[in-house]
Amino acid sequence: FQVESRAQMSMLPRLKPQNYYDLVIEVAIVRPGPIQGGMVHPYLNNRKKKPEDIKYSSPALRKVLERTLGVPIFQEQVMEIAMVAAGFTPGKADQLRRAMAAWKKKGGLEPFKEDLVRGMLSNGYDEKFALQIFEQIKGFGEYGFPESHSASFALLVYVSSWLKRYEPAAFTCALLNSQPMGFYAPAQLVQDAQRHGVEVRAVDVMKSEWDCTLEEGEARGVRREARETDSDFTPHPSRLTPHDSAQPAVRLGLRMVSGLSGAAAGRLVKARDELLESLHASRLTPHVLPDFEELALRAKLSRKDMNALAAAGALGSLAGHRRHAAWLVAGIERRPPLLASAPIVESAPVLAAPTEGQDILADYASLGLTLGRHPLALLRPRLKKLSMITAEQLGTTPSGTLIHVAGLVTCRQHPGTAKGIIFVTLEDETGQINVVIWKRLAQKQRRPLLAARLLGVAGILERESGVTHLIAEHLTDHSALIGDLLTHSRDFH
C-alpha cells in the first residue's frame, strides 16, 4: 500500500530502487513534506552524480545528509541539521520536531525561524541556505516521515512485492480476504492477477468457503478470458508467473456474494460438509452432488440468501446457469412435517441461458467483478470504430501522439501538492491507463470528469523515464455504452 499510488508508480521508474535503503527513501520522498520542501528533484539529480561530486555546505552536514545524497528526507535529519548547523540543543531540536507537527494549526514554527537563521549565520552558513533549510522544515510540517517509520514500511513493501512476484495467487487471495482495504477494488485485483497468469475460479456453493481459498491449479501461463476466439493470441512474457506450473488457483469465497450474511454462509458450509460426508459414507460415487433444496433447508437459508446465491452464479454446479438457478430457488419452501417427504413431480423448464453481456452485468451486480471477459472486450468493436486504442497499445505508440482511449474509471485523485491537477486511472481489457487532467480542463469539463463510469479521453501521450501518461485535452462520458453495469471507483481518498 505504500507504493501503489499514482505518485509512487511515477516515482519508482525514476528512482529505480536497487537496495533496501533505496526503498526506505522511496517510501519517504513521495510525501507532502519533501515535495513542498523542494527536495524531490535535487535528490533525483544527485542520484545521477558520483558521490564525490555532491556538494555539502560543511563536513558536519555531510555526516547528516550523506546517506540521502545531500538532501534532507527524514524528520530526524531536520533535527540534526538544527543541532549541527544552528547550534540547537537536543531539547530545543525536539521542540522544533513537535512544532513541525503542529505548525499548521498553531503557527508554532515562526519562533524558531530567527533562532535557526541566526545560528546558521553565526556558524558560517549563508542566509540563502539558512532560509532554504527553514522552508524545508515548513514542508515537513505538512507531512514528513521519521526514518524509523519509513524503514518499517519499506520492509513491508519489499515483502509484499516479493509475494506478488513469486506467490501471486496467495497474495491475491489474502488481499481479497482483507477487503475493504487498499488502493484497488476486488475487480482490479482479480483482473491484475489474471493478467499475470493466476487462475481465479467462481464462487461455488459446493466448493467455496466463507473466505477465498487456494486450490490445486492447472499448469498455465495466461488468464482464461474467453480466448477461444483469439486463435493467434500469444501471451506476453510479463504475463507469465515465475512458477506457473506450481501456482495454485484462487477460489472465490462466499464473502464475495452481495447480500449473503456471514452467518448464513457458515450454516451453508456446515450443511454442505455434512451432506458430502454422508454421501461418502453411503459409498455413492464422488460425482453425486446433493440436492440444493435439501442443502438450503438444512442450512436454514432465507429467501434472500438463496436469491443472492442464484444471482451470483454460485449454484452453477447444481443448477446450471443463473436463470435455472433462479427458477430452482423460487420453488424451494419449507413444508409442514406432514408433507415434507411427499414427492413433488414437475418437469424442468427449458430456459435460455443469459447472454455473455447479461452474465457480466449480473457478475458486477452480485460480486463486484467478473471472471468472464472484461466489459470493454465486448465493446471493443464499437470503440475501434471511434479510433480508440487499448492500454496495451500505448506501449508501442510514440510519445507526443494524439490518441483516443476509453476505460472504466477506477480511481480519481486530487493531491494537495499537485497544483489543481486531477489524476484519473482508467481500466480496459488489457490494463490501466493513467490520465493527467490539468486544472483548467477539470473546471471546464467537470461533469464528465466526476460522473462518467466509462470515460473517453482524447489527449497527448507522454512518456518519460519509463512512465507513461495521457495528458487529457477532451473528456467524453460514454457511460451509456455500459448500461446498468455497476462499477466502483476510489475517488479523492
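For this chain, numbers begin at 1 and follow the sequence in order. Values below: every heavy atom of this structure, side chains too, minus hydrogens, waters and symmetry copies. Computed from a predicted model, the values in this text were never measured in an experiment.
- Classification of Arg298 and Glu293 as a salt-bridged pair fails, no side-chain N sitting under 4.0 Å from a carboxylate O.
- Using a 3.5 Å distance cut-off with no hydrogens or angles, the side chains of Asp428 and Thr390 do not pair a donor with an acceptor.
- In this model, no donor atom of one side chain and acceptor atom of the other lie less than 3.5 Å apart for Glu464 and His469.
- For the residue pair Arg323 / Gln358, a side-chain donor-acceptor distance below 3.5 Å is found, with atom types taken as modelled.
- Between Leu426 and the options Val457, Leu408, Leu470, a side chain to side chain contact (heavy atoms under 4.5 Å, CB included) holds for only Val457.
- Around the CZ atom of Arg67, the shell of radius 6.0 Å holds more than 12 heavy atoms that belong to other residues, nucleotides or ligands.
- With salt bridges taken as basic N to acidic carboxylate O contacts below 4.0 Å, none links Asp484 and Arg453.
- Note: Trp162 and Tyr166 meet the aromatic proximity criterion, with ring centroids under 6.0 Å apart.
- Contact check on Arg272 versus Asp204 returns no salt bridge, with no Lys/Arg side-chain nitrogen under 4.0 Å from an Asp/Glu carboxylate oxygen.
- Within a 6.0 Å sphere centred on CG of Asn19, other residues, nucleotides and ligands contribute more than 12 heavy atoms.
- Side-chain atoms of Arg490 and Thr410 include no donor-acceptor pair closer than 3.5 Å.
- A salt bridge does not link Lys16 with Glu26: none of the charged nitrogens is closer than 4.0 Å to a carboxylate oxygen.
- Within 6.0 Å of the OH atom in Tyr158, the count of heavy atoms belonging to other residues, nucleotides or ligands does not exceed 12.
- A salt bridge links Arg201 to Glu199: at least one charged side-chain nitrogen sits closer than 4.0 Å to a carboxylate oxygen.
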**Message:** Run the salt bridge (charged side-chain N to carboxylate O under 4.0 Å, His left out) test on Glu429 and Arg373 for me, step by step, so that the C-alpha distance in whole Å, both residues' side-chain angles and the decisive distance to 0.1 Å come before the verdict.
**Reply:** CA-CA 8 Å; Glu429 71 273 31; Arg373 289 200 295 170; over 6 Å; no

